[in-house]
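Read through the structure below, which is laid out as structure tokens, and then see the notes.
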Amino acid sequence: MLLEVDHVSMHFGGLVAVSDCTFGVRQGTVTSLIGPNGAGKTTVFNLITGFLRPTTGRIRYEGRDVTGLSPQRLLRMGVARTFQNLRLHLQMTVLENVMLTAQRQPGEDMWSLFLRPRMTSRAEAEVRERALEHLDFVGLADRAGELADNLSYAEQKLLSIARILMTEARLLLLDEPASGLDPDSLRTVLPVVRRLVERGKTVLLIEHNMDLVKELADEIVFLHQGTVLAQGKPADVMSNAELTAIYFGGGVTA
Ligand SMILES: Nc1ncnc2c1ncn2[C@@H]1O[C@H](COP(=O)(O)OP(=O)(O)OP(=O)(O)O)[C@@H](O)[C@H]1O
């Protein structure tokens with residue numbers, strides 16, 4: 001397992017958002033966290049990426065205990081995430097958005113490189129080249145000079161994927177990469193998510209739409225009330241009548 005979530009709980013005061021949660025993410029797969037609203041998916045993401053520290057339990061990445069490490073530390077170890085609200089720099093170009101995410105050395109991001117006049121033009125050229133390559137991967141190479149603000153929503157989602165690639169992380173956590181997309185845009189974005197695996201990445205994502213999950217995910221982790229009810233192949237998990245009743249009875253906005 002690339003990632004192991006081991007008996008993790010997260011309490012917010014009296015509220016138990018995640019309760020004794022155990023699951024694994026295998027290297028080279030797309031794994032989807034699913035579950036009704038309030039099941040704890042976002043909290044699990046925040047725990048894995050260091051934005052929250054579990055109340056109890058351990059998280060292991062590549063066999064190392066990473067429980068409680070900061071998001072920055074985890075990023076350097078190869079765990080990166082996107083956010084539902086994408087967090088793009090809308091008044092910068094598409095290329096600049098990707099270049100800014102470059103991780104040259106631990107603790108050094110592109111901001112410090114831009115601010116430091118000593119940055120060699122060779123280093124900048126290398127970052128630019130990598131950024132363009134990632135833009136090409138997501139199909140946005142010809143939009144490199146556009147302001148991010150001028151992109152469609154689907155293109156902005158693709159840009160957020162190009163940005164996460166720039167981190168060189170091996171485990172990519174994608175927060176609802178398909179949400180808000182019309183069917184045509186889905187046809188553009190979903191194959192890109194799948195191709196991340198061909199690039200050697202491992203993907204953990206949150207997705208509400210069951211049809212998409214079936215198409216996209218190798219594995220499902222089914223969360224309900226902060227607990228893992230099942231982990232397995234989409235077809236197997238969804239053929240379980242009890243689980244589908246919980247899922248569709250849970251007021252999910254697909
Ligand atoms: N920072 C917080 N403080 C208090 N309660 C929180 C906090 N974050 C999440 N919760 C609660 O934890 C529970 C799980 O929430 P979470 O957002 O993780 O679920 P989710 O599965 O991502 O839901 P959705 O599908 O609606 O995004 C909810 O009851 C939520 O209100």
Side-chain angles (χ1 to χ4, degrees), residues 3-25 30-59 61 66-72 74 79-88 153 156-157 160-161 164 171-181 186 189-190 193 202-217 219-232 234 237-238 240 242-254:
L3 177 80
E4 292 161 90
V5 174
D6 185 6
H7 296 287
V8 164
S9 297
M10 182 74 220
H11 298 189
F12 295 108
L15 188 139
V16 181
V18 172
S19 171
D20 200 24
C21 184
T22 296
F23 67 91
V25 176
V30 174
T31 300
S32 181
L33 281 178
I34 63 164
N37 289 337
K41 303 179 293 293
T42 307
T43 305
V44 167
F45 252 46
N46 287 332
L47 289 164
I48 294 169
T49 48
F51 287 84
L52 287 173
R53 194 193 169 93
T55 311
T56 56
R58 312 308 302 174
I59 297 170
Y61 172 69
V66 296
T67 318
L69 296 186
S70 69
Q72 204 49 39
L74 285 159
V79 180
R81 73 176 292 180
T82 63
F83 293 87
Q84 231 176 309
N85 62 1
L86 303 183
R87 300 195 176 186
L88 301 176
Y153 186 53
Q156 290 186 349
K157 292 237 179 197
S160 74
I161 292 176
I164 201 175
L171 176 61
L172 309 181
L173 287 91
L174 309 182
D175 197 346
E176 302 205 29
S179 71
L181 296 180
L186 283 174
V189 175
L190 292 190
V193 174
T202 300
V203 177
L204 177 64
L205 54 85
I206 298 179
E207 179 49 56
H208 283 295
N209 185 319
M210 281 292 187
D211 292 332
L212 292 189
V213 168
K214 275 188 218 160
E215 200 173 316
L216 198 56
E219 291 255 336
I220 286 183
V221 175
F222 190 109
L223 274 179
H224 180 52
Q225 296 179 345
T227 302
V228 177
L229 289 191
Q231 170 162 18
V237 174
M238 284 170 201
N240 181 320
E242 224 171 290
L243 294 178
T244 44
I246 289 171
Y247 192 82
F248 292 107
V252 169
T253 48

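The first residue in the sequence is number 1, and the count goes up from there. Both counts, for ligands and for their atoms, begin at 1 and track the order of listing. Model, not experiment: these values are computed from the prediction.
With hydrogens and angles disregarded, no donor-acceptor distance shorter than 3.5 Å links the side chain of Ser19 to the backbone of Gly226. Distance alone, capped at 3.5 Å, places no donor-acceptor pair between the Ser32 side chain and the Ile220 backbone. Checked by atom type and distance alone, the side chain of Gln231 pairs as donor or acceptor with a backbone atom of Gly24 at under 3.5 Å.
Counting only residues at least two apart or in different chains, salt bridge (charged side-chain N to carboxylate O under 4.0 Å, His left out) contacts with residues 4-20 comprise Glu4-Arg60, Asp6-Arg60.
Minimum interatomic distance between Val5 and Cys21 (heavy atoms only, all atoms of both residues): CG1-O, 3.5 Å. The nearest pair of heavy atoms linking Asn46 to Arg81 is OD1-NH1, 2.7 Å.
For a heavy-atom separation below 4.0 Å, the residues in contact with ligand 1 are Phe12, Leu15, Ala17, Pro36, Asn37, Gly38, Ala39, Gly40, Lys41, Thr42, Thr43, His208.
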